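In what follows, a single structure is set out as structure tokens and then discussed.
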Amino acid sequence: MSETTRPPHSLDPILSPRTVAIVGASRRRDTLGWVLIHNLVRAGFEGTLYPVNPKASSIHSLRCYPSLAAIPEPIDLAVILVPRDAVAGVIDECIALGVRGIVVITAGFSETGAEGRALEEELSARVRAAGGRLVGPNCMGVFNTAADVRLDATFSPTPPLPGAIGFVSQSGALGVAVLNIAAGLGLGLSQFVSVGNTADVSANDLLEYWEDDPGTRVICMYLESFSDPKRFVEIARRVSRKKPIVLVKSGRTAAGARAASSHTGALASSDSTVSAFLDQCGVLRAETMDELFDIARAFERSRPPRGRRVGILTNAGGPGILATDACVQYGLEVPPLAAATREALGSFLPTVASIDNPVDMIASATAEQYALSLGALLADPALDAVLAINVNPPLGDPHEMLGRIAEVARTHEKPVFAVMMTRDEFHAEIRDRPGLPPVYAFPETAARALARLAAWGEWRARPADAPAPDLALDDAAIAAELAGAEADGYLPPERAFRVLELAGIPVARYRRVEPAADAAAAAGAAAAELGFPVVLKAVAAGLVHKSELGAVALDLRSAADVEAAARGMEGRLRAAGLTPGGFFLQEMVRGGQEVIFGLSTDPKLGPLLMFGLGGKYVEVFRDVRFGVTPLTPAEARAMVLGIRGRPLLEGVRGEAPADLDQLVDVLLRLQRLALAHPRLHELDINPFLAGGGGRACALDARLRVAPPAGG
């Protein structure tokens with residue numbers, strides 16, 4: 001949008017300039033310097049263009065200037081395409097002349113190594129110190145399709161269509177493809193920024209810029225990394241309550257995962273971390289660019305449904321079944337229709353039609369029957385949205401069918417998604433047709449997009465949650481326990497349990513038996529002091545999975561049993577090449593569901609919490625949820641309630657339910673622990689016995705701290 005319709009912003013000189021200088025403009029058609037001038041002229045830029053090239057008098061019928069200083073009026077935006085070694089001089093000239101907006105197309109900076117990175121940081125610092133902003137370097141430019149701006153300062157061969165989607169891309173080459181695909185789908189963009197190396201202007205800046213821009217209704221992003229994750233959380237949580245944010249994040253594979261010995265570290269790939277991070281911000285993550293555009297089309301042409309109940313209207317049974325399966329797969333519901341709706345449908349559809357949900361009008365359905373049936377479904381109080389599917393029969397006209405669907409959809413608040421299963425040319429023909437609902441070629445893509453629309457509606461309707469309570473803990477005592485880590489960074493079991501106790505997390509009563517000449521006999525005596533029955537665990541440096549080495553014995557009921565089990569464990573440890581380090585005894589606690597709590601540290605995003613079903617099956621079923629700090633109480637509860645095994649926590653077949661409030665409290669206490677003690681690098685509480693008729697407490701814990709800074 002133009003700067004006359006919004007408060008002044010530091011990005012206005014870049015996205016709403018009145019004067020643009022192209023430094024490195026060229027008369028050769030095979031250069032970016034010519035293409036960029038051509039695109040600016042083709043777009044009909046509403047301001048004044050100034051090509052800068054000391055070797056040309058005019059370019060593209062525009063007078064050319066030898067330098068920025070020779071231009072007769074102040075410049076808002078300078079687009080720089082000169083060789084890398086000349087960029088610094090041009091930026092110095094921009095600063096001297098008071099140019100506030102700079103876009104550096106030129107590559108060869110941080111993407112090339114340390115030397116380029118140092119130069120990039122130096123140039124961006126100089127621009128910011130002078131009160132300017134810089135996009136790039138190593139980018140494809142920016143555009144703004146607003147009628148009073150018409151800026152296309154990119155080298156894209158495809159002119160952008162005006163629309164309501166703001167798009168930021170961290171990849172210039174992908175940005176070109178994005179514009180091609182969007183134009184092919186008939187999707188219009190309000191503004192586009194290729195941020196390149198993000199030396200200054202980042203995705204965070206653009207989120208803030210588009211937050212109150214009435215010309216931008218949907219924000220789409222392609223990112224390879226988060227330059228400032230904590231700021232992204234703060235901004236995205238706020239913006240996503242106003243406008244949908246749809247993001248494709250590359251780097252999904254396990255190649256980026258960290259090696260870790262804890263369950264949490266092993267299960268938490270970089271991709272799962274990012275997904276949890278985005279979920280907490282209300283950002284919709286698309287798996288592919290195709291999905292991103294499917295979702296963007298939904299938001300551009302529709303509104304979120306009030307719920308997840310979907311009516312399906314079709315003229316062929318197969319697509320109706322596919323749509324039903326897809327709706328269920330993506331978390332939507334396909335409920336029975338109200339009796340009044342079935343009666344209405346039966347009054348005008350053939351007797352062989354199916355008037356259940358999905359409604360199959362059969363292949364002979366007319367455009368009028370589509371309109372009447374769609375109206376009946378939209379009037380059904382049991383439905384929140386409708387998928388209207390048309391498989392084009394030999395004698396039907398898909399244009400007429402879609403026209404009647406669109407006509408009815410415009411008269412109702414409930415969203416309607418059209419699925420036109422016909423020739424590819426049809427979708428190209430309707431690309432620029434106004435007044436249409438979201439149109440898709442297949443039921444699955446429509447159902448997926450509708451599900452994302454519903455998810456964002458639920459996020460936006462969710463009340464803003466208060467931050468987590470500031471739990472008062474004895475941080476000095478906790479730090480003292482963490483300082484007692486062994487050489488490998490792990491805390492001895494008694495210190496690990498003591499940290500949990502100091503954090504207010506319940507643990508099973510325990511005793512530690514230090515290594516001694518006859519540690520087995522000492523274990524028997526300690527067990528008698530603790531009270532039978534007990535659990536015996538061997539302690540040894542390098543011992544990770546105790547059950548695999550027979551280093552755990554349950555339900556021991558006498559000192560003799562404990563001593564015998566201890567001697568057997570010592571023998572097995574020595575046979576495995578491990579040195580026995582004493583024993584750890586605990587009371588035997590029964591009942592309840594085993595769950596796992598975890599903590600690991602992401603190098604970019606910081607502490608990552610995990611919750612799920614625990615015990616020995618955690619890595620088999622992988623029924624866990626992740627959350628990136630800081631978590632609100634509602635987000636912690638969503639983690640607990642979000643696992644597939646939730647019914648087990650709520651009680652099945654007469655079992656008592658777990659205390660869900662306590663599980664949420666443990667997550668918040670772990671968060672408090674992690675944020676106050678950044679050396680706490682990795683933690684597993686597995687299993688934690690989640691009540692359900694027994695006492696809720698931690699049965700095993702494994703904590704690892706990072707070495708001191710400089711250590």
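Bear in mind the structure is a predicted one, so any value in this text is a computation, not a measurement. Numbering starts at 1 and runs along the sequence shown.
At least one side-chain heavy atom of V499 sits under 4.5 Å from a side-chain heavy atom of L491. The closest side-chain heavy-atom distance from L387 to P443 is not below 4.5 Å. Counting only heavy atoms from C-beta outward, the side chains of M639 and V664 never approach each other to under 4.5 Å. The side-chain heavy atoms of P304 and R460, taken from C-beta on, include a pair separated by under 4.5 Å. Within the 4.5 Å cutoff, side-chain heavy atoms of L667 are placed close to those of V640. F232 has its side chain within reach of L207: a pair of non-hydrogen atoms, C-beta onward, lies under 4.5 Å apart. Taking the side chain as every heavy atom from C-beta outward, V624 and I643 never approach each other to under 4.5 Å. L609 is listed as a side-chain neighbour of L631, based on a closest heavy-atom distance under 4.5 Å.
A donor-acceptor contact shorter than 3.5 Å is absent between the side chain of Q329 and the backbone of D325. With hydrogens and angles disregarded, no donor-acceptor distance shorter than 3.5 Å links the side chain of R669 to the backbone of I505. A donor-acceptor contact shorter than 3.5 Å links the side chain of N357 to the backbone of P335. Here the side chain of N686 pairs a donor or acceptor atom with the backbone of G615 at under 3.5 angstrom. At least one donor-acceptor pair closer than 3.5 Å links the side chain of R509 to the backbone N or O of L530. Looking at K249, its side chain does come within 3.5 Å of a backbone N or O of E224 through a donor-acceptor pair. D623 places no side-chain N or O within donor-acceptor distance of the main-chain N or O of G612, the cut-off being under 3.5 Å. Counting only distance, with no hydrogens or angles, the side chain of K230 and the backbone of L605 share a donor-acceptor pair below 3.5 Å. With hydrogens and angles disregarded, a donor-acceptor distance shorter than 3.5 Å links the side chain of W456 to the backbone of S240. Looking only at distances, no side-chain donor or acceptor of E486 sits under 3.5 Å from a matching main-chain atom of A541.
Note: F611 and F626 fail the aromatic proximity criterion, with ring centroids not under 6.0 Å apart.
Atom CG of L663 is separated from atom CD of Q593 by 10.5 Å, given to the nearest 0.5 angstrom. Rounding to the nearest 0.5 Å places CZ of F688 at 12.0 Å from CD of E594. Between the SG atom in C327 and the CD atom in E444 there is a gap of 10.0 Å [rounded to 0.5 Å]. Between L641 atom CG and L649 atom CG the span is 8.5 Å, to the nearest 0.5 Å. Note: L670 CG to T629 OG1 = 11.5 Å, rounded to the nearest 0.5 Å. I245 CD1 to F299 CZ: the interatomic distance, rounded to the nearest 0.5 Å, is 10.5 Å.
Taking each heavy atom of P305 and L450 in turn, the nearest pair found is CG-CD1, 4.2 Å. Shown here for L680 and T601, the closest heavy-atom pair between the two residues is O-OG1, 3.9 Å. Scanning both residues, A551 and L543, for their nearest heavy atoms gives CB-CD2, 4.0 Å. For F583 against A519, the heavy-atom pair with the smallest separation is CE1-CB, 3.9 Å. Nearest approach of L453 to S302, heavy atoms of both residues: CD2-OG, 4.0 Å. Here the closest non-hydrogen pair linking V539 and L573 is O-CD1, 4.4 Å.
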inquiry  = V218 vs C220, test: side-chain contact (heavy atoms from CB on, under 4.5 Å). Steps then yes/no.
reply    = CA-CA 7 Å; V218 185; C220 292; 4.2 Å; yes

query = Stepwise, does the side-chain contact (heavy atoms from CB on, under 4.5 Å) test hold for L383 with L337?
reply = CA-CA 8 Å; L383 300 178; L337 301 178; 3.8 Å; yes

message = One pair to check against salt bridge (Lys or Arg N to Asp or Glu O under 4.0 Å): R704 and D488. What are the steps and the verdict?
response = CA-CA 8 Å; R704 183 165 69 91; D488 58 3; over 6 Å; no

key: side-chain contact (heavy atoms from CB on, under 4.5 Å) assessment of I478 paired with L473   = CA-CA 8 Å; I478 292 172; L473 304 182; 4.2 Å; yes

task = Give the intermediate values and the outcome of side-chain contact (heavy atoms from CB on, under 4.5 Å) for residues L689 and R695.
result = CA-CA 7 Å; L689 209 58; R695 182 161 60 87; over 6 Å; no

inquiry  = Evaluate D661 against R637 for salt bridge (Lys or Arg N to Asp or Glu O under 4.0 Å), listing each step before the verdict.
reply    = CA-CA 8 Å; D661 290 337; R637 183 170 294 277; 2.5 Å; yes

key: Criterion salt bridge (Lys or Arg N to Asp or Glu O under 4.0 Å) on E413 and R303, from CA distance to verdict   = CA-CA 8 Å; E413 291 189 0; R303 61 180 67 85; over 6 Å; no

request  = Could you please spell out the steps behind the salt bridge (Lys or Arg N to Asp or Glu O under 4.0 Å) verdict for R231 and E208?
outcome  = CA-CA 11 Å; R231 184 167 172 246; E208 287 192 310; 2.8 Å; yes

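Between R646 and E650, at least one side-chain N (NZ, or NE/NH1/NH2) sits under 4.0 Å from a carboxylate O, which counts as a salt bridge. A salt bridge links R495 with E481: the closest approach of a Lys/Arg side-chain nitrogen to an acidic carboxylate oxygen falls below 4.0 angstrom. Ion pairing of R285 with E291 is absent here, as no side-chain N (NZ or NE/NH1/NH2) approaches a carboxylate O to less than 4.0 Å. Using a cut-off of 4.0 Å between Lys/Arg side-chain N and Asp/Glu carboxylate O, E458 and R308 are scored as salt-bridged. The pair D555-R590 counts as a salt bridge, with a side-chain nitrogen and a carboxylate oxygen less than 4.0 angstrom apart. A salt bridge links R672 and D475; the closest N-O separation between the charged side-chain nitrogens and carboxylate oxygens is under 4.0 Å. Under the 4.0 Å criterion applied to side-chain N and carboxylate O atoms, R567 and D518 are assigned as salt-bridge partners. Under 4.0 Å is where a charged nitrogen must lie from a carboxylate oxygen, and between R452 and D294 no such pair does. Using a 4.0 Å cut-off between charged side-chain N and carboxylate O, D384 and R309 make a salt bridge.
Partner of E211 under the salt bridge (charged side-chain N to carboxylate O under 4.0 Å, His left out) criterion, out of R237, K243, R238, R241: R238 alone.
Within a 6.0 Å radius of CZ in R306, other residues, nucleotides and ligands contribute 12 heavy atoms or fewer.
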